[in-house]
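Naming: A, B, ... by sequence-line order, numbering from 1 per chain.
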Number of protein chains: 2
Amino acid sequence: MPRTPEENERIKKDKKERILKAGLTVFAENGLAAAKMSDIAQAAGVSYGLVYTYFSSKEQIFVELLNDLFASSNELVAQLKNMKISPLERIKVIFTQLFTMHNNDPTGELYYRLMLQLTFHPHLWDKLLIKDVYSEPVFQLIFETIKQGQQSGEIIDINPQEIVLLLGYIALGFNLRGHEIFENDLNEKNIVDLIIRMIKK
Amino acid sequence: MPRTPEENERIKKDKKERILKAGLTVFAENGLAAAKMSDIAQAAGVSYGLVYTYFSSKEQIFVELLNDLFASSNELVAQLKNMKISPLERIKVIFTQLFTMHNNDPTGELYYRLMLQLTFHPHLWDKLLIKDVYSEPVFQLIFETIKQGQQSGEIIDINPQEIVLLLGYIALGFNLRGHEIFENDLNEKNIVDLIIRMIKK
DNA sequence: GTCTATAAAGGGATAGAC
DNA sequence: GTCTATCCCTTTATAGAC
């Protein structure tokens with residue numbers, strides 16, 4: 001019995017998603033260069049050749065993944081913007097979410113590990129929807145929020161670029177090594193409080 | 001006219017150093033997996049084959065480099081320990097040095113970029129003198145200094161592991177993206193002050 | 001001690017059967 | 001739509017001349 005076109009679409013979509021998901025973990029674990037297409041195929045549970053019916057190259061999987069992740073980062077930012085809270089509170093929510101998400105959902109960490117690859121393969125920026133790290137949605141949101149907090153007098157009055165860079169370092173460092181918080185049974189709430197302490201007026 | 005044995009030793013040492021230096025930049029720029037031995041040879045100004053007379057494999061260059069860097073990190077820490085200053089001052093000096101060194105000497109950044117590769121090739125830890133990132137000398141020094149500062153009442157009284165992790169994130173993030181401070185003409189002194197503000201009692 | 005040339009292996013990408 | 005088998009290029013590592 002032949003498959004309906006709709007069924008075919010569903011199958012194709014499912015396979016593509018599987019491959020992307022496999023790519024995310026394989027790239028995050030090994031890095032772009034060391035990741036093997038055979039690993040991705042295996043992790044996705046499909047044959048080696050099938051990967052190439054959905055993606056033309058290893059790079060393309062990587063690029064598509066990162067663009068998808070930028071998109072969901074945009075959604076996250078939209079949610080955060082909808083919250084009617086003070087700038088300082090918003091910073092607190094962002095970092096709390098960053099830290100607690102880590103526990104439940106490893107995607108955030110994988111996301112950063114992928115972005116980190118761009119440090120070693122900068123030519124890929126050309127193929128991405130977002131052209132530099134400053135344009136990353138969460139990064140942008142933090143920057144705006146800092147400026148708002150300075151206007152409202154909640155946040156310390158130094159060059160907001162300096163603050164956002166420092167917060168960016170924390171986010172970057174955390175996302176790369178955040179699992180250690182939980183391995184060592186530390187309280188992420190304390191760490192967020194330290195951050196707030198640093199920028200509160 | 002034949003070379004003396006001493007001269008030979010000098011040549012060999014020089015060549016080895018050249019290759020290591022080339023390896024540092026090539027690995028830092030491209031990552032371990034994407035770095036090519038031919039790139040290292042070219043950067044070192046020697047023939048492809050010669051690299052293998054001094055090192056048995058690409059991995060070995062990488063391992064030797066990292067071990068050398070750990071050693072100089074140890075020296076740096078010894079110097080910092082010799083300074084007779086308060087714990088809080090010491091933290092300030094460490095981060096100031098971290099930030100200003102960046103300007104003059106890129107080795108620090110390259111060092112971190114190499115260490116970062118271990119995230120993607122964790123099996124290499126087995127071949128290193130230092131067995132995990134917590135044992136990295138500067139990291140250790142910060143940890144000790146935080147505890148001293150808590151005893152002397154200068155530094156905020158929360159789990160020192162939490163503080164040191166956060167400071168570690170900053171150092172990691174900075175070393176990966178620190179060049180941006182200078183690209184954007186920011187004042188690194190302000191950033192150090194923020195860090196102190198965060199941990200000062 | 002240094003080079004060029006070559007062997008050997010690994011992995012990305014494709015062809016073609018089912 | 002999916003698979004297996006194969007091509008082919010890149011890169012590691014070695015051999016052997018100078």
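Using a 4.0 Å heavy-atom cutoff across all strands shown, B:Ala35 reaches sugar-phosphate atoms only and no base atom.
With rounding to whole Å, B:Glu6 atom CD is found 13 Å from C:dG1 atom P. With rounding to whole Å, B:Leu50 atom CG is found 14 Å from D:dT14 atom C1'. Rounded to an integer number of Å, the gap from CD of A:Glu59 to P of C:dG11 is 18 Å. Rounded to an integer number of Å, the gap from B:Met37 CE to C:dG10 P is 16 Å. Across the protein-nucleic acid pair, B:Lys16 atom NZ and C:dT2 atom C1' stand 17 Å apart, rounded to whole Å.
In this structure, the nucleotide among C:dG11, D:dC3, D:dT12 sitting nearest to the side chain of A:Lys36 is C:dG11. With distances taken from any side-chain atom of B:Tyr54 to the nucleotides C:dT2, D:dT2, D:dA13, the minimum falls on C:dT2. Nearest to the side chain of B:Ile11, among C:dG1, C:dT4, D:dT4, sits C:dG1.
A:Phe55 has its side chain within reach of A:Lys16: a pair of non-hydrogen atoms, C-beta onward, lies under 4.5 Å apart.
A donor and an acceptor atom sit less than 3.5 Å apart, one in the side chain of A:Tyr48 and one in the base of C:dA13.
Between A:Tyr52 and the phosphate of C:dA13, there is a side-chain N or O to OP1/OP2 separation shorter than 4.0 Å.
A salt bridge links A:Glu9 to A:Lys12: one of the charged nitrogens lies within less than 4.0 Å of a carboxylate oxygen. Salt-bridge annotation for B:Asp14 and B:Arg10: absent, with no side-chain N of the basic residue lying under 4.0 Å from a carboxylate O of the acidic one.
Judged by a 6.0 Å distance limit and a 45° cone about the ring axis, A:Lys58 is not positioned over the six-membered ring of A:Phe62.
Place A:Ser57 and B:Lys12 on DNA chain C by their nearest nucleotides, and B:Lys12 ends up nearer the 5' end.
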